[in-house]
Amino acid sequence: MERLKINGEHRQQPAPPPHKAIYPRWQYTLGIDLGQAHDPTAISVVEKTTRNVGNPDKPEKKHTFAVRYLERLPLGTPYPSQCEHVADLAGRLERQHQEDWRVDRPEVVIDQTGVGRAVFDIFAGAGLKPLGVTITAGEGESKVQHDHYRVAKLSLVSRLQALLHSGDLSIEPSLKDTKALVSELQNFRARFTTAGNAVFAAREGTHDDLVLSVAIACWHAARPESVFTVRRTKGF
């Protein structure tokens, strides 16, 4: 497995302060776009950095995002094996930063659109505590239950494009699949239905698995509800 490209800034760990509302802070989100018979499963790790900016007396929080890891699993990989692979990746992230109070526990977001709840439950049963996303047409998002959201592809792609255009999302250039992700982004196009609604999809004959993997990770990491929680440093 390719080594995770993690920001070295949080290798030098300061002593914990009296309270944990001190920045910068880091959070990692694993985005999993589950593949089917003809599409590979794509995995990404998005790093969210939160810093205080502006007036030191009344600072504002600034969030930036970076794609630190990309991977496509071989076609035909059984879902239990995919689950083990994701659990290993999340566990490596957890262990790598378990002594650093500034780095939160990794979170896992899964696109369960084409595979259904049964496959999602394999990951949930492994103790990953994932959040499931069903990608829909139309606009907006809705909470189905505590671990399942329905989110319009328009919302996912719009947020991803906004982060890229503002410079708040960067992609690690040395990753093996960076060129493939950039190519997918370039091939992702909007077409309009007869009702005037925008529908996003990859060009015919191309993939969009890496784009959707990064998009759901960024969607979750950028949500106002996505806040830092108290670390658990033992186990995963």
Side-chain angles (χ1 to χ4, degrees), residues 6-7 10 20-34 42-54 59-70 86 89-90 93-94 97 102-113 117 120 123-124 128-171 181 185 188 198 200 208-232 236:
I6 301 301
N7 191 334
H10 32 93
K20 293 192 176 182
I22 302 295
Y23 296 88
R25 296 286 296 272
W26 288 270
Q27 186 177 40
Y28 292 96
T29 301
L30 285 76
I32 317 297
D33 179 60
L34 290 174
I43 302 171
S44 64
V45 175
V46 171
E47 176 189 71
K48 175 184 178 180
T49 302
T50 302
R51 291 184 171 87
N52 283 337
V53 298
E60 296 182 358
K61 292 180 178 62
K62 169 69 174 177
H63 305 296
T64 56
F65 306 84
V67 178
R68 297 295 185 189
Y69 183 84
L70 292 169
V86 171
L89 180 58
L93 266 174
E94 173 78 0
H97 302 292
R102 299 172 300 168
V103 184
D104 238 39
R105 184 178 188 268
E107 298 186 351
V108 178
V109 186
I110 296 176
D111 173 14
Q112 63 179 62
T113 306
R117 182 74 189 191
F120 173 86
F123 291 79
L128 289 170
K129 297 183 178 179
L131 181 70
V133 172
T134 298
I135 300 176
T136 66
E139 300 179 7
E141 61 186 67
S142 61
K143 186 176 183 178
V144 180
Q145 53 193 59
H146 73 282
D147 60 354
H148 180 203
Y149 278 77
R150 293 174 61 85
V151 186
K153 183 178 284 189
L154 177 63
S155 298
L156 294 173
V157 176
S158 297
R159 176 162 292 180
L160 186 61
Q161 291 178 334
L163 289 173
L164 285 167
H165 291 163
S166 67
D168 290 330
L169 174 63
S170 61
I171 303 170
L181 173 60
L185 286 166
F188 219 64
F200 285 91
D208 61 4
D209 48 299
L210 289 172
V211 165
L212 292 179
S213 169
V214 173
I216 61 173
C218 288
W219 165 81
H220 177 61
R223 288 192 305 149
E225 298 88 348
S226 182
V227 297
F228 291 108
T229 57
V230 177
R231 275 190 62 84
R232 284 169 282 183
F236 183 68

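As a basis for the values below, the full set of heavy atoms in this structure was taken, side chains included, without hydrogen atoms, waters or symmetry mates. Quantities reported herein were computed from a predicted structural model and do not represent experimental measurements.
Partners of Thr113 according to the side chain to side chain donor-acceptor pair (under 3.5 Å) rule, which considers only residues two or more places apart in sequence or in another chain, are Asp111. Checked against side-chain contact (heavy atoms from CB on, under 4.5 Å), Thr64 has the following partners two or more places apart in sequence or in another chain: Thr49, Arg51, Lys62, Asp168. The side-chain contact (heavy atoms from CB on, under 4.5 Å) search around Gln145 returns Arg117, Asp147, His148, not counting sequence neighbours.
Residues Gly140 and Ser155 come closest through the heavy atom pair N-OG, 3.4 Å. Closest of all the heavy-atom pairs between Ser44 and Ala217 is OG-CB, 4.2 Å. The nearest pair of heavy atoms linking Ile110 to Pro130 is CD1-CB, 3.8 Å. Of all heavy-atom pairs spanning Leu169 and Ala66, the tightest one is CD1-N, 4.1 Å.
Between Lys61 and Asn52 the shortest side-chain heavy-atom distance falls below 4.5 Å. Considering only heavy atoms from C-beta on, Val214 stays 4.5 Å or farther from Ile171 through its side chain. Within the 4.5 Å cutoff, the side chain of Val151 has heavy atoms near those of the Trp219 side chain. Two residues are said to be in side-chain contact when any heavy atoms from C-beta on lie closer than 4.5 Å; Thr134 and Gln112 meet this criterion. Taking 4.5 Å as the limit, some side-chain heavy atom of Leu181 sits within range of a side-chain heavy atom of Leu185. Side-chain contact check for Leu93 versus Val103: every heavy-atom pair is 4.5 Å or farther apart. For the pair Lys48 and Thr29, the minimum side-chain heavy-atom distance is 4.5 Å or more.
For the atom pair CD1 (Ile32) and CG (Leu89), the distance works out to 7.0 Å, reported to the nearest 0.5 Å. Note that CZ of Arg105 and CD of Gln27 are 11.5 Å apart. Values are rounded to the nearest 0.5 Å. Summarising the geometry, atom CG belonging to Leu34 is positioned 11.5 Å from atom CG belonging to Leu212; distances are rounded to the nearest 0.5 Å. Atom-to-atom distance recorded for Leu210:CG and Ile43:CD1 is 10.5 Å, nearest 0.5 angstrom. For the atom pair Leu131 CG and His146 NE2, the distance stands at 9.0 Å (nearest 0.5 Å). Distance CG/Leu156 to CD1/Ile135: 5.5 Å, rounded to 0.5 Å.
A donor-acceptor contact shorter than 3.5 Å links the side chain of Ser213 to the backbone of Gly31.
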TODO: Show your reasoning for whether side-chain contact (heavy atoms from CB on, under 4.5 Å) applies to Phe123 and Val108.
DONE: CA-CA 9 Å; Phe123 291 79; Val108 178; 5.6 Å; no
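Counted within 6.0 Å of CZ on Arg159, heavy atoms from surrounding residues, nucleotides or ligands total more than 12; the atom is thus considered enclosed.
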